[in-house]
Amino acid sequence: MGKILLKNIVSDGVVSDLLIDGNKIAGVQPADVLLPEDFVTDGCQVVDCAGKAAVPGFVNMHTHAGMAMMRGIGEDISFHEWIDRIWQVESRINDEYVYHATKVACLEMIKTGTTTFNDHYWHMPMAHKAATEMGLRPVLAYVFLDHNDPAESERQKQQCLEMYEESLTWNDHSLFAIAIHAIYSVREEMIIWATDFARSHGLKIHIHVSETRKEVEDCMAQHEGKTPVEYLDSLGVLGPDVIAAHTLWLSENDVRILGERGVTCVHNVNSNLKLASGYKFLYNELRDAGANICLGTDGCASSNNLDMLETMKTSAMLQKAWRDDPSAMPLDELISMATANAGKVLDLNIGKIEAGALADILIVDTDNYNFLSPGTFEANLVYSAHSDCIDSVICNGKFVMQNRVVPGEKEILAEARKFLF
Ligand SMILES: [Zn+2]
């Protein structure tokens, strides 16, 4: 891997030189300080970034990349009608479909500044191939979803073992994880097996939890009054290696448990709003209880896009509105939720622009009206700008987009179009 020198880039408000060596940030220093001797050697790519600013790549902590070509297939219907429709469509997808859809998702993620995505989808080896070709940092979970059918559980256990073995040959920046779809779609015995498998192999556990009021009511009816959080805790599932998507319908006791277990809760605001699942995500309460909070888009079938800047803006505005408190979800915490907080649970040094961190960097063009203000850069980025301000993206020390050009964009769309249904 080579070296990249980003000259005159604004980092933390200072015009800087940002040095990348291999897949890591080697240093960030004021632009008027002499560079280390021997840094700019033959083959070092020097890029003038005057008028641009460095931001850590965004981390989308809950998505289903393979749904990138299912936008709009279930508009204006309830969550339960919607998920039935999704499962019907998903009975028709295959390896090729997921490969092309994931390429489209990666293209969109690059254009909107996501460098790491925590994925929860079928035909995972194809998602891995697509993400590798696109140069992103994927966390790809084998998904358990047995619809309470023991034969299906057995088939999925075998397939999980095979895919885990295959994952040992992956490149060093792809992570394998375990997903349990949800408590209402996976047998208890399977939930326990999947959790034990993940823990004994040091893998993260990705699960949908308390997404809808119905999920909570059904769980309480079936499991002696236990909420989904209490039920999962009684099975020993919850811990600091668990990434719980949604966590929207929570009791005080649920918040306490999620905090004490150090669970990562992922807020997927646009999906929740669109499916009318709910909107009172208990950000302050979960944070104060000790949970780690991240942001996600969910899949395109519910959120319609994978844009993390849009997710950040909506999350903060909604939190301010329903709490009647404009200081709710302040900017620094909001940006951490979309970047560094993910690094804590994924055990990755990401989400920071500093020496030693992985080189996942967005180069933001500030030479436009959205940034022409006395406001802070962060405020302009989240509340004023749109993701087209992201000029270039570096992931794992390599450019995946430069000057808004992603190599092969037209071909990716043309190939994927053949698989639309
Ligand atoms: Zn989801």
Side-chain angles (χ1 to χ4, degrees), residues 59-75 77-90 93 98 101-102 105 108-109 114 116-124 127 138-147 177-186 191 194 204-216 219 228-229 232 237 242-250 263-279 281 293-308 310-311 314-315 337-338 342 345:
V59 186
N60 187 345
M61 279 298 278
H62 177 69
T63 191
H64 311 279
M67 298 174 114
M69 297 197 291
M70 296 182 195
R71 295 167 217 256
I73 64 167
E75 302 296 356
I77 55 177
S78 76
F79 175 85
H80 299 281
E81 286 172 273
W82 173 86
I83 202 164
D84 280 344
R85 192 173 296 182
I86 295 300
W87 284 340
Q88 281 169 23
V89 172
E90 286 182 341
I93 64 173
V98 171
T102 307
E108 180 182 357
M109 286 192 270
T114 291
T116 298
F117 66 104
N118 188 32
D119 200 36
H120 186 296
Y121 212 58
W122 314 114
H123 304 272
M124 182 236 275
V139 184
L140 300 164
Y142 179 81
V143 180
F144 285 98
L145 198 167
D146 60 14
H147 291 295
I178 294 295
I180 298 162
H181 178 266
I183 56 152
Y184 56 85
S185 51
V186 187
I191 294 174
K204 305 303 170 193
I205 300 165
H206 188 177
I207 178 168
H208 295 99
V209 181
S210 299
E211 179 174 2
T212 62
R213 182 155 47 183
K214 183 174 186 303
E215 176 186 334
V216 176
C219 179
V229 170
L232 286 167
V237 174
V242 171
I243 300 161
H246 301 294
T247 53
L248 195 57
W249 291 92
L250 302 177
V263 169
T264 290
C265 298
V266 186
H267 185 29
N268 299 276
V269 66
N270 286 313
S271 170
N272 297 153
L273 287 174
K274 185 112 173 314
L275 294 170
S277 300
Y279 62 93
F281 179 73
I293 320 288
C294 295
L295 296 177
T297 60
D298 214 342
C300 281
S302 57
S303 71
N304 292 51
N305 72 33
L306 305 173
D307 190 323
M308 287 293 289
E310 185 182 291
T311 298
T314 315
S315 298
M337 288 160 71
V345 58

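Quantities reported herein were computed from a predicted structural model and do not represent experimental measurements. Both counts, for ligands and for their atoms, begin at 1 and track the order of listing. Positions are given from 1 along the sequence.
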Heteroatom test (N, O or S) for [X] near the Zn ion (ligand 1), limit 2.8 Å:
{"X": "His120", "value": "no"}
{"X": "Asp298", "value": "yes"}
{"X": "His246", "value": "no"}

ask   = Is there a donor-acceptor pair under 3.5 Å between the side chain of Lys204 and the backbone N or O of Val345?
value = yes

query = Can you check whether Asn268's main-chain N or O pairs, donor with acceptor, with Asp298's side chain at less than 3.5 Å?
reply = no

Do [X] and [Y] pair up side chain to side chain, a donor and an acceptor below 3.5 Å, judged on atom types alone?
{"X": "His62", "Y": "His206", "value": "yes"}
{"X": "Glu75", "Y": "Asn304", "value": "yes"}
{"X": "Glu81", "Y": "Ser78", "value": "yes"}

query = Considering only N, O or S atoms, which atom of His62 is nearest to the Zn ion (ligand 1)?
reply = NE2

note = The N/O/S atom of His64 lying closest to the Zn ion (ligand 1) is NE2

